[in-house]
2 protein chains.
Amino acid sequence: MIFSSKAEYGVRLMVELGRQRPEQPTSLKAIADAEGLPLAYLEQVVAKLRRAGLVMSARGAHGGYWLSRPAEEIAMDEVVQALEGSIAPMECFVHDNTERVLCSHQPDAGRGCATKLLWTRVQGGIIRSLQNTTLAELVQFAGRHGPEPVSVVERVPAAEPVASAFRAA
Amino acid sequence: MIFSSKAEYGVRLMVELGRQRPEQPTSLKAIADAEGLPLAYLEQVVAKLRRAGLVMSARGAHGGYWLSRPAEEIAMDEVVQALEGSIAPMECFVHDNTERVLCSHQPDAGRGCATKLLWTRVQGGIIRSLQNTTLAELVQFAGRHGPEPVSVVERVPAAEPVASAFRAA
DNA sequence: CCTAACCCGACCTTCCTGGTAGGATTTGTC
DNA sequence: GACAAATCCTACCAGGAAGGTCGGGTTAGG
């Protein structure tokens, strides 16, 4: 697998936020219920997005999260980068700023790294795909067949088993 | 990380075979020594390549492996596919031949999968990058000395450093 | 018949992923 | 002011896969 579930959950979370109007913050619980994801785990995911400046938050009652920018201006490479830490096809490509030796398997001296060209191209292909996709596109794609976004105002505070009922089938 | 070390080792192995003349098979031990990789592990790696029909082998004394086709005719998507099993950015995209639905986190009924569009594009970007690279290119690239490869390497139009982020722990 | 090599499957250990637990803090509402 | 709803933070943990190792079997040249 290429991306972890943090990326999957984080993108879903961003899409969910993109469906809301930013005036009213959306609580994590609403998102967790809508997507069927564990709330405690989502907290860790959204923390990465917040630290990356992609979402903003308000604490306390009626707090929640919202996009820090309009969805049209959020390219998905930022999102995935924030969630995954780095977009690297291979160990050697994770160059943190420290100076540690990254490519452990050097061939004979004088020869270049046999795989560098390949992974560089792959990385480029991935990043270009992500850059060329905006959050707004995903929101539109996800909402195409669907009903209204979950309104914070109209939301029934009690149990709303609609989603889980359909998920079982 | 996107690809496992099996992919790294397998590609190196293929490059090494591409450097040899196919008339004489190359023993795994020679490759293991040249690349500094554990022989026993390479055996597992090369088995995948053999089962995929990318290399051929001869047993017994003076046996070894060689490319089943010229390096110019081997696209790297075949190689990586053989080594990794499948090139899938997310769980949902690993479709074994059965047609079961693997996406466990369906949103509300009537809505499409929010992330499908994104991962489809990413997968396309990866596969295209791999298809457009032949083993022969890697052989040539590895044989070169200094880092002249600016003309060869695809340019990533990213303005910011791509894999520079720390892995947020 | 011995040795170099391929072939095969079982095992093992470490690390990361995915998730839980439990609390501390902030803030609107009654 | 008490309470509840929510964000925030850190530690912990179980399972599985990654990345190997090991031991042996089979094939073929000298």
Side-chain angles (χ1 to χ4, degrees), chain A residues 1-10 12-13 17 20 24-33 35-52 55-66 68 83-86 88-91 94 104-105 152-153 155-158, chain B residues 1-10 12-13 17 20 24-33 35-52 55-66 68 83-86 88 90-91 94 104-105 167-169:
Chain A
M1 214 53 46
I2 289 183
F3 295 116
S4 70
S5 76
K6 277 203 168 67
E8 173 77 18
Y9 294 179
R12 287 181 183 275
L13 194 154
L17 289 184
Q20 313 294 330
Q24 278 191 329
T26 307
S27 77
L28 261 200
K29 180 161 195 325
I31 295 177
D33 289 348
E35 295 281 346
L37 304 177
L39 172 63
Y41 192 44
L42 269 192
E43 288 184 352
Q44 296 178 41
V45 172
V46 80
K48 288 173 179 284
L49 296 169
R50 184 174 45 78
R51 284 193 288 265
V55 307
M56 308 186 74
S57 61
R59 304 179 67 165
H62 296 117
Y65 298 90
W66 62 93
S68 61
L83 292 164
E84 292 286 319
S86 70
M90 197 57 63
E91 192 73 40
V94 185
S104 56
H105 297 296
V152 181
V153 185
R155 183 163 43 90
V156 185
Chain B
M1 214 54 45
I2 290 183
F3 295 117
S4 71
S5 75
K6 276 203 170 67
E8 173 77 17
Y9 294 178
R12 286 180 184 276
L13 195 154
L17 289 184
Q20 312 293 328
Q24 277 191 331
T26 307
S27 77
L28 259 201
K29 181 162 195 322
I31 295 177
D33 288 349
E35 295 281 344
L37 304 176
L39 173 63
Y41 192 43
L42 268 192
E43 288 184 349
Q44 294 179 43
V45 172
V46 79
K48 289 174 178 284
L49 296 169
R50 183 174 46 77
R51 284 193 286 265
V55 306
M56 306 186 76
S57 62
R59 305 178 67 163
H62 297 115
Y65 298 90
W66 62 93
S68 60
L83 292 164
E84 292 287 319
S86 71
M90 198 56 62
E91 194 72 40
V94 184
S104 57
H105 296 295
R167 196 159 186 89

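No experiment lies behind these values; they were computed from the predicted model shown. We name chains A, B, ... by the order of the sequence lines, and we start the count at 1 in each one.
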Contacts of type side chain to side chain contact (heavy atoms under 4.5 Å, CB included), residue [X], not counting sequence neighbours:
X	value
Ala40(B)	none
Gln44(A)	Lys6(A), Tyr41(A)
Ala61(A)	none
Ser68(B)	Met56(B)

Should [X] and [Y] count as side-chain neighbours, where that means a heavy-atom distance under 4.5 Å?
X	Y	answer
Pro25(B)	Tyr65(B)	no
Ile31(B)	Leu39(B)	no
Ile2(A)	Met90(B)	no

To the nearest angstrom, how far is [X] atom [atom1] from [N] atom [atom2]?
X	N	atom1	atom2	result
Leu17(B)	dC6(C)	CG	P	10 Å
Met56(A)	dT7(D)	CE	C1'	14 Å
Lys29(B)	dT3(C)	NZ	C1'	14 Å
Lys48(A)	dC8(D)	NZ	P	15 Å
Leu39(B)	dA5(C)	CG	P	10 Å
Phe3(B)	dG19(D)	CZ	C1'	18 Å
Leu49(B)	dC6(C)	CG	C1'	15 Å
Glu8(B)	dA18(D)	CD	C1'	15 Å

Quiz item: Rounded to the nearest 0.5 Å, how far apart are NE2 of His62(A) and OG of Ser27(A)?
Solution: 9.5 Å
Strictly below 4.0 Å: does [X] bring a side-chain N or O up to OP1 or OP2 of [N]?
X	N	result
Arg50(B)	dC6(C)	no
Tyr9(B)	dG20(D)	yes
Ser57(A)	dC8(D)	yes
Ser5(B)	dG19(D)	yes

Practice problem: Heavy atoms under 4.0 Å is the rule here; annotate nucleotides 11-17 of chain D 5' to 3' with B where the base is hit, S where only the sugar-phosphate is, and - elsewhere. | Solution: B------
Practice problem: Let me have a per-nucleotide readout for nucleotides 25-30 of chain D, 5' to 3', with B, S or -, counting only protein heavy atoms under 4.0 Å. | Solution: BBBBS-
Self-check item: Partners passing side chain to side chain donor-acceptor pair (under 3.5 Å) against Ser4(A) (at least two apart in sequence or in another chain)
Solution: Glu84(A)
Quiz item: Between Tyr41(A) and Val46(B), who's closer to the 5' end of DNA chain C by nearest nucleotide?
Solution: Val46(B)
Quiz item: When the nearest nucleotide of DNA chain C is assigned to Ala47(B) and to Ala40(A) on a heavy-atom basis, which residue is associated with the more 5' position?
Solution: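 Counting from the 5' end, the first nearest nucleotide belongs to Ala47(B).
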Quiz item: Could a donor-acceptor pair under 3.5 angstrom be found where the side chain of Glu43(B) meets the base of dC8(C)?
Solution: yes
Quiz item: Ala58(A) near the nucleic acid: base, sugar-phosphate alone, or nothing, with a heavy-atom cut-off under 4.0 Å?
Solution: sugar-phosphate
Exercise. Could I get the full list of ring-ring contact (aromatic ring centres under 6.0 Å, His included) partners for Phe3(B), not counting sequence neighbours?
Key: Trp119(A)
